[in-house]
Amino acid sequence: MNIQELTREAKKGSAAAQKCLFDILSDQMMLVCRRYVKTYEDAEEILLDGFYKFFKNLSSFSYQGDGSMYAWLKKIMINECLMFLRRKHSFIIATEQEAEEIPMNDDALGKLSASEILNLVMELPVGYRTVFNLHVIEGMGHREIAKLLNIAEGTSKSQLNKAKLLLQKNLTQKGNEYARQHSK
């Protein structure tokens, strides 16, 4: 069965179709959740809550292709992540992190793996990381982010700028460490 057929059957209440949809989509959605929360356990909880809402509201979903299904589910997951972060954290970071000038081996950064870079993003403070993900990864504008997070548009811009500076600093340090370790 394809996603459209599974969706039709899941709307009728088929547990088997729901399980198949979960199996097909859960890995991609877990990656979305992991970008927003630090621990695997929290991401897993959010994933399950998101799929619960997905299946609960599936009857109101109008299938217009696999992309529409993915986009709708991704939006549910992002909203679940943001609700979790609202319950656990504040989006506004009071301290200002500055990126220091650190000399960098240009070749070192290119040798970092995607998982190493993702780990550096995960180390960002929650407010920085959330705005960074929404703007850079999800493609949202600052006005939309501000509305979604209930912050000022200027705060969104500031958080993104600080996230980029801190990420650049951390990437540079990690790249230099990598170069030192592999040049011996």
Side-chain angles (χ1 to χ4, degrees), residues 22 25-57 69-102 104 108-178:
F22 179 85
L25 300 168
S26 63
D27 286 345
Q28 291 175 313
M29 294 303 118
M30 180 57 120
L31 292 173
V32 170
C33 295
R34 288 289 292 139
R35 283 200 316 259
Y36 289 88
V37 298
K38 285 192 174 193
T39 68
Y40 181 85
E41 293 77 17
D42 288 340
E44 191 173 48
E45 180 181 334
I46 292 166
L47 177 79
L48 294 175
D49 290 346
F51 268 101
Y52 172 77
K53 286 191 177 173
F54 170 74
F55 290 123
K56 182 179 170 191
N57 297 302
M69 170 71 73
Y70 176 79
W72 187 56
L73 182 55
K74 184 177 176 184
K75 184 174 182 170
I76 291 170
M77 294 300 167
I78 291 170
N79 286 334
E80 287 297 307
C81 289
L82 296 178
M83 285 191 294
F84 173 85
L85 292 173
R86 280 188 196 102
R87 288 190 306 266
K88 302 285 183 185
H89 305 284
S90 170
F91 287 111
I92 301 171
I93 307 298
T95 61
E96 188 163 324
Q97 302 276 347
E98 293 291 336
E100 301 168 13
E101 287 296 319
I102 301 171
M104 181 175 167
L109 188 60
K111 293 183 179 179
L112 293 176
S113 70
S115 66
E116 288 172 312
I117 294 171
L118 177 61
N119 287 336
L120 291 172
V121 171
M122 294 306 299
E123 290 174 11
L124 291 171
V126 67
Y128 296 3
R129 183 177 66 243
T130 303
V131 172
F132 181 85
N133 279 323
L134 291 172
H135 186 74
V136 175
I137 308 295
E138 308 304 338
M140 292 183 184
H142 290 292
R143 182 172 291 144
E144 187 178 5
I145 294 169
K147 185 177 178 184
L148 193 60
L149 301 180
N150 198 28
I151 59 175
E153 191 174 336
T155 302
S156 175
K157 291 176 183 178
S158 172
Q159 295 289 290
L160 177 63
N161 187 48
K162 291 174 185 178
K164 286 179 177 179
L165 288 171
L166 187 57
L167 189 57
Q168 181 181 26
K169 175 184 172 184
N170 292 343
L171 282 168
T172 302
Q173 287 174 338
K174 184 77 170 173
N176 286 340
E177 288 171 19
Y178 182 92

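These numbers come from a predicted model, not from an experiment. Below, each value reflects all heavy atoms present in this structure, side chains not excepted, and no hydrogens, waters or symmetry copies.
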From CA spacing to verdict: side chain to side chain contact (heavy atoms under 4.5 Å, CB included), W72, N57:
CA-CA 11 Å; W72 187 56; N57 297 302; 4.1 Å; yes
In sequence, state the C-alpha distance, the side-chain angles, and the governing distance for N79 and L148, and then conclude on side chain to side chain contact (heavy atoms under 4.5 Å, CB included).
CA-CA 9 Å; N79 286 334; L148 193 60; 3.9 Å; yes
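- Each of H142, R143, E144 was checked for a side-chain hydrogen bond (donor to acceptor under 3.5 Å, both in side chains) with S156, and the lone residue meeting it is H142.
- Interatomic distance, CD1 of I145 versus CD of Q159, reported as 10.5 Å (0.5 Å rounding).
- Counting only distance, with no hydrogens or angles, the side chain of T130 and the backbone of V126 share a donor-acceptor pair below 3.5 Å.
- Between K164 and V136, the shortest heavy-atom contact is CE-CG2, 4.5 Å.
- Closest non-hydrogen pair, C81 versus Y36, comes out as CB-CB, 3.7 Å.
- L82 contributes atom CG, which lies 5.5 Å from atom CG of L134 (distance to the nearest 0.5 angstrom).
- Between A43 and R34 the shortest heavy-atom distance is CB-CD, 3.6 Å.
- Counting only residues at least two apart or on different chains, the side chain to side chain donor-acceptor pair (under 3.5 Å) pairs with a member in residues 41-52 are T39-D42.
- Remark: side-chain polar atoms of R129 are not paired, donor with acceptor, to backbone N or O of E123 under 3.5 angstrom.
- Here L31 contributes atom CG and Q28 contributes atom CD; the two are 8.0 Å apart, rounded to the nearest 0.5 Å.
- Rounding to the nearest 0.5 Å places CG of N133 at 10.5 Å from CE of M140.
- A distance of 5.5 Å separates CG in L47 from CE in M30, rounded to the nearest 0.5 Å.
- Within the 4.5 Å cutoff, no side-chain heavy atoms of F51 are placed close to those of I76.
- Within a 6.0 Å radius of NZ in K75, other residues, nucleotides and ligands contribute 12 heavy atoms or fewer.
- Residues M77 and F54 are not in side-chain contact: their nearest non-hydrogen atoms beyond the backbone lie 4.5 Å or more apart.
- Looking at heavy atoms from C-beta onward, L167 lies out of side-chain contact with Y128 at the 4.5 angstrom threshold.
- A heavy-atom distance below 4.5 Å is not found between the side chains of T155 and V131.
- Between A163 and L124, the shortest heavy-atom distance links the atoms O-CD2, 3.8 Å.
- Atoms CD and CZ, on E138 and R35 in that order, are 4.5 Å from each other to the nearest 0.5 Å.
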